[in-house]
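Every heavy atom of this structure was used, including side-chain atoms; hydrogens, water molecules and symmetry mates were not.
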Amino acid sequence: MPLPPAPPTVLVEMIFPDQANHYGTLFGGHALALMARAAFVAACRRAAGPVVMARSERVDFATPIRVGEMLELRAEILREGRSSLTVAVRGIAQPIGPGAPRPALDGKFVMVAVDADGRPRPLSSAI
């Protein structure tokens with residue numbers, strides 16, 4: 001019997017200068033790391049144990065995220081396989097003070113549940 005849908009995992013990050021490129025916006029590599037972290041947390045919760053990333057399928061950068069803005073990352077499980085999960089991660093940029101939130105990032109990540117030896121394990125089996 002499949003598990004009920006999981007609520008989204010939400011992480012919020014404040015963007016500081018050490019995370020920025022020379023344009024004063026979030027460095028793309030750091031954005032990918034933040035998205036991967038959100039996908040990891042969502043997948044670990046769902047798998048009830050450790051997971052590893054098998055693939056990042058597609059990441060779209062819709063708008064720059066400036067130093068001093070907040071980035072809300074929402075990770076949701078899209079698909080469950082035997083040992084893998086596909087996780088969608090959406091990033092919403094929010095200025096501090098006036099200004100509307102705006103979609104900034106979208107990506108999909110495939111995470112695989114692993115056992116203590118790092119080998120794939122069925123999602124239904126607890127560690």
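In this structure a side-chain-to-backbone donor-acceptor pair under 3.5 Å is missing from Arg58 to Gly107. Judged by distance alone, the side chain of Asp60 and the main-chain N or O of Ala62 form no donor-acceptor pair under 3.5 Å. Put simply, the side chain of Asp115 gets close to the backbone of Asp117: a donor and an acceptor are under 3.5 Å apart. Counting only distance, with no hydrogens or angles, the side chain of Glu80 and the backbone of Ala47 share no donor-acceptor pair below 3.5 Å.
Nearest approach of Val51 to Cys44, heavy atoms of both residues: CG2-SG, 3.7 Å. Contact record, Ile92 with Pro101: CG2-CB, 3.7 Å, taken as the closest heavy-atom pair. When all heavy atoms of Ala75 and Ala42 are compared, the pair lying nearest together is CB-CB, 3.8 Å. Between Pro95 and Pro98, the shortest heavy-atom distance links the atoms CB-O, 3.8 Å. The two residues Ala20 and Val67 have their closest heavy-atom pair at CB-CG2, 3.4 Å. Here the shortest heavy-atom pairing between Val112 and Ala54 reads CG2-CB, 3.8 Å.
Cluster annotation: Met53 and Leu73 are assigned to the same hydrophobic cluster (Ile/Leu/Val/Met/Phe/Trp/Tyr, side-chain heavy-atom contacts under 4.5 Å, transitive). Under a hydrophobic-cluster definition in which Ile, Leu, Val, Met, Phe, Trp and Tyr are linked whenever side-chain heavy atoms come within less than 4.5 Å, directly or via other members, Met35 and Met70 are assigned to different clusters. Note: the hydrophobic cluster containing Val10 also contains Met14 (ILVMFWY, side chain heavy atoms under 4.5 Å, direct or indirect links). Hydrophobic cluster membership is shared by Val87 and Leu123, with clusters built from Ile, Leu, Val, Met, Phe, Trp and Tyr side chains linked at under 4.5 angstrom. By the criterion of side-chain heavy atoms lying less than 4.5 angstrom apart, applied directly or through intervening Ile, Leu, Val, Met, Phe, Trp or Tyr residues, Leu105 is grouped together with Ile15 in one hydrophobic cluster.
With respect to the salt-bridge test (charged N to carboxylate O, under 4.0 angstrom), the residues Glu69 and Arg102 qualify. A salt bridge links Arg74 with Glu72: the distance from a Lys NZ or Arg NE/NH1/NH2 to an Asp or Glu carboxylate oxygen falls below 4.0 Å.
Around the CZ atom of Phe27, the shell of radius 6.0 Å holds no more than 12 heavy atoms that belong to other residues, nucleotides or ligands.
Between Phe16 atom CZ and His30 atom NE2 the span is 10.5 Å, to the nearest 0.5 Å. Atoms CG and OG1, from Leu78 and Thr86 in turn, are 6.5 Å apart once rounded to the nearest 0.5 Å. Taken from CG in Leu32 to CZ in Phe109, the straight-line distance is 6.0 Å, to the nearest 0.5 Å. Expressed to the nearest 0.5 Å, how far CG of Leu34 lies from CG of Leu11 amounts to 8.5 Å.
Lys108 is not listed as a side-chain neighbour of Arg55, based on a closest heavy-atom distance of 4.5 Å or more. A 4.5 Å side-chain heavy-atom check between Pro122 and Arg82 finds at least one atom pair inside the cut-off.
Between the side chains of Ser84 and Arg79, a donor-acceptor pair is found at a separation under 3.5 Å.
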Test side-chain contact (heavy atoms from CB on, under 4.5 Å) on Met111 and Val52; report intermediate values, then the result.
CA-CA 5 Å; Met111 311 300 280; Val52 295; over 6 Å; no
Dump the intermediate steps for side-chain contact (heavy atoms from CB on, under 4.5 Å) on Glu76 and Arg90, then the final yes or no.
CA-CA 9 Å; Glu76 296 186 62; Arg90 169 167 246 190; over 6 Å; no
CA sep, side-chain torsions, deciding dist, call: Leu71, Ile65, side-chain contact (heavy atoms from CB on, under 4.5 Å):
CA-CA 8 Å; Leu71 177 61; Ile65 304 159; 3.8 Å; yes
